[in-house]
Trainee: 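Okay, here's the structure, questions in a sec.
Residues: numbered from 1 along the sequence shown. What you see below is based on every heavy atom in this structure, not just the backbone, and it leaves out hydrogens, waters and symmetry mates. This is a predicted model, so every value here is computed, not measured.
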Amino acid sequence: MGAISSLEKFGLSKVFDYIYKDPDKNMLKIMDWADKFAGNDFVAQRKAIRSAISDPNHQFYPYVRHVINDIDPKVMKTISNNFFFNVNLQGWKKQNAMREKYNCNIPWAILLDPTSACNLHCTGCWAAEYGNKLNLSFDEIDDIIRQGKELGVYMYIYTGGEPLVRKEDIIKLCKKHDDCIFLCFTNGTLIDEKFADQMLEVANFVPAISLEGFETATDGRRGNGVYEKVIRALRILKERKLAYGISACYTSANYDSITSTEFLDSLVELGVYFVWYFHFMPVGNDATPELLPTPEQRTEVYRRVCDYRNHKPLFLMDFQNDGKYVGGCIAGGRRYLHINANGDVDPCVFIHYSDTNIREKTLLDALRGPLFMAYHDGQPFNENMYKPCPMLENPQVLPELVKKSNAHSTDLQSPESPEHLVAKTIEYAKKWDPVAAAKWAADLEEAARKASEEEDAG
């Protein structure tokens, strides 16, 4: 069932057992094994991990100890097995082979909506527009995962709706596909002691709980009492030594508080392991473009994120500003795609257009279809990695992609044309352009300087 042989899994399992006898010594054994196994893949990443493990002065040294000391050993072993080896090493090799074979994008992760139903009614939530009657059946989700693994995909991310409305099916899928990692974007209010115990049993399910900031901001958007329920859920997860994180959307209204030292410190106290920041996207006919951050606000968010990476025991990612680490837009199957609760295969969780339904065609059909091939042929959409998106920073691109592929809107309640969507981002893109140009030029200059220094030292 797994991506590595039984013999290799047995040896790997023993190495993880040794970690807890002498973490400093035996974490390096894992890296020795990984270096031998990976060959020329992920060289820079493995070098960085080795430094974080062995150098007490490295900024991630405390984070590594947080992971080793505060996550249940079974969970740690399962996540490491599945994520480090299945998702990234074995999976990446197979994905590359499939990319070459089919000359199309093959994703690293698949996002899917088990349901459009939700127990909350958050202001401005695009998922809520689908209503609460759409669902992917257990068998349909199971088949998506089966197809994905044939392509080398071992990372699955649930969105919605509220995925935990489908708790029973989610746990069954975790058990059936125990070689995969399942991440879940959730409002957190349905996480209780029973479900946390089930998470501990399967050990391959990781929630990313949405927060808007502190109590006033969170309850203002999600409803009274939600913040208190989220904090209770985080404490339950911490008590059981599970892995969990936070998903945070920054807007012009909340950017300051949601990236404040006070907010990050509160998350550290709650034992959080990662924070993923998402830039507000004005998706939907009724979306408010005034919530788009200004160039100054977006720049400040990233300055803070970069600063926190140096001294907070958290893994921080800014999905709009970190484009240089992933080569620009990751949608359209280049690194991920999205399947909604109606079965429509979208290129992005924020780009609701499709020419394929998973109930009618295969995952590979979608990846080789006109829309995803338009993404494949057009990426990167800008050489400046601070301008990755075909909707937000390059608004002229998305309507052409949709027109070229004859795709249609997948918003079943209020279909939005791509022209209407990007009309909300044109002014934003104009204002961001000179800031992005200056930041990218500075990055290129810094990279050239470091390369020159390394060449001189060598």
Trainee: Between Tyr353 and Pro418, is any pair of side-chain heavy atoms under 4.5 Å apart?
Mentor: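 The answer is yes; the side chains approach within 4.5 Å.
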
Trainee: Of all heavy-atom pairs between Cys104 and Leu364, which one has the smallest distance, and what is that distance?
Mentor: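 Result for this residue pair: SG-CD1, 4.3 Å.
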
Trainee: Do Thr251 and Asn254 meet the criterion of a side-chain donor-acceptor pair at a distance under 3.5 Å?
Mentor: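 Yes.
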
Trainee: Side chain to side chain contact (heavy atoms under 4.5 Å, CB included) for Thr115 and Leu136? Distances and angles first, verdict last.
Mentor: CA-CA 6 Å; Thr115 181; Leu136 294 173; over 6 Å; no

Trainee: Using side-chain heavy atoms (C-beta onward) and a distance below 4.5 Å, is Leu337 in contact with Phe372?
Mentor: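 Side-chain contact under 4.5 Å: yes.
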
Trainee: Of the options Tyr250, Phe185, Tyr255, which is the one that meets Phe278 in a ring-ring contact (aromatic ring centres under 6.0 Å, His included)?
Mentor: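 In the set Tyr250, Phe185, Tyr255, the residue that makes a ring-ring contact (aromatic ring centres under 6.0 Å, His included) with Phe278 is Phe185.
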
Trainee: At what distance, to the nearest 0.5 angstrom, does CG of Leu444 lie from NZ of Lys324?
Mentor: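 Leu444 CG to Lys324 NZ: 10.0 Å, rounded to 0.5 Å.
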
Trainee: Please find the pair of heavy atoms, one from Leu267 and one from Leu211, that lie closest to each other, and give the distance.
Mentor: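 For Leu267 versus Leu211, the nearest heavy atoms are CD2-CD1, 4.2 Å.
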
Trainee: How long is the gap from CG on Leu314 to OH on Tyr308, to the nearest 0.5 Å?
Mentor: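 Those atoms lie 10.5 Å apart.
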
Trainee: Could you check whether Lys387 makes a cation-pi contact with Phe381, meaning its NZ or CZ is under 6.0 Å from the centre of the six-membered ring and within 45° of the ring axis?
Mentor: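 Verdict for Phe381: no cation-pi partner in Lys387.
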
Trainee: Which of these passes side-chain hydrogen bond (donor to acceptor under 3.5 Å, both in side chains) with Asn105: Arg335, Gln379, Arg99, Arg334?
Mentor: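 Among Arg335, Gln379, Arg99, Arg334, the one that satisfies the side-chain hydrogen bond (donor to acceptor under 3.5 Å, both in side chains) with Asn105 is Gln379.
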
Trainee: Nearest 0.5 Å please: distance from the CD1 atom of Ile71 over to the OG1 atom of Thr78.
Mentor: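 Separation between the atoms: 11.0 Å.
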
Trainee: Among Tyr156, Phe195, Phe182, which residue meets the ring-ring contact (aromatic ring centres under 6.0 Å, His included) test with Phe205?
Mentor: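 Testing each of Tyr156, Phe195, Phe182 against Phe205, the sole residue satisfying ring-ring contact (aromatic ring centres under 6.0 Å, His included) is Phe195.
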
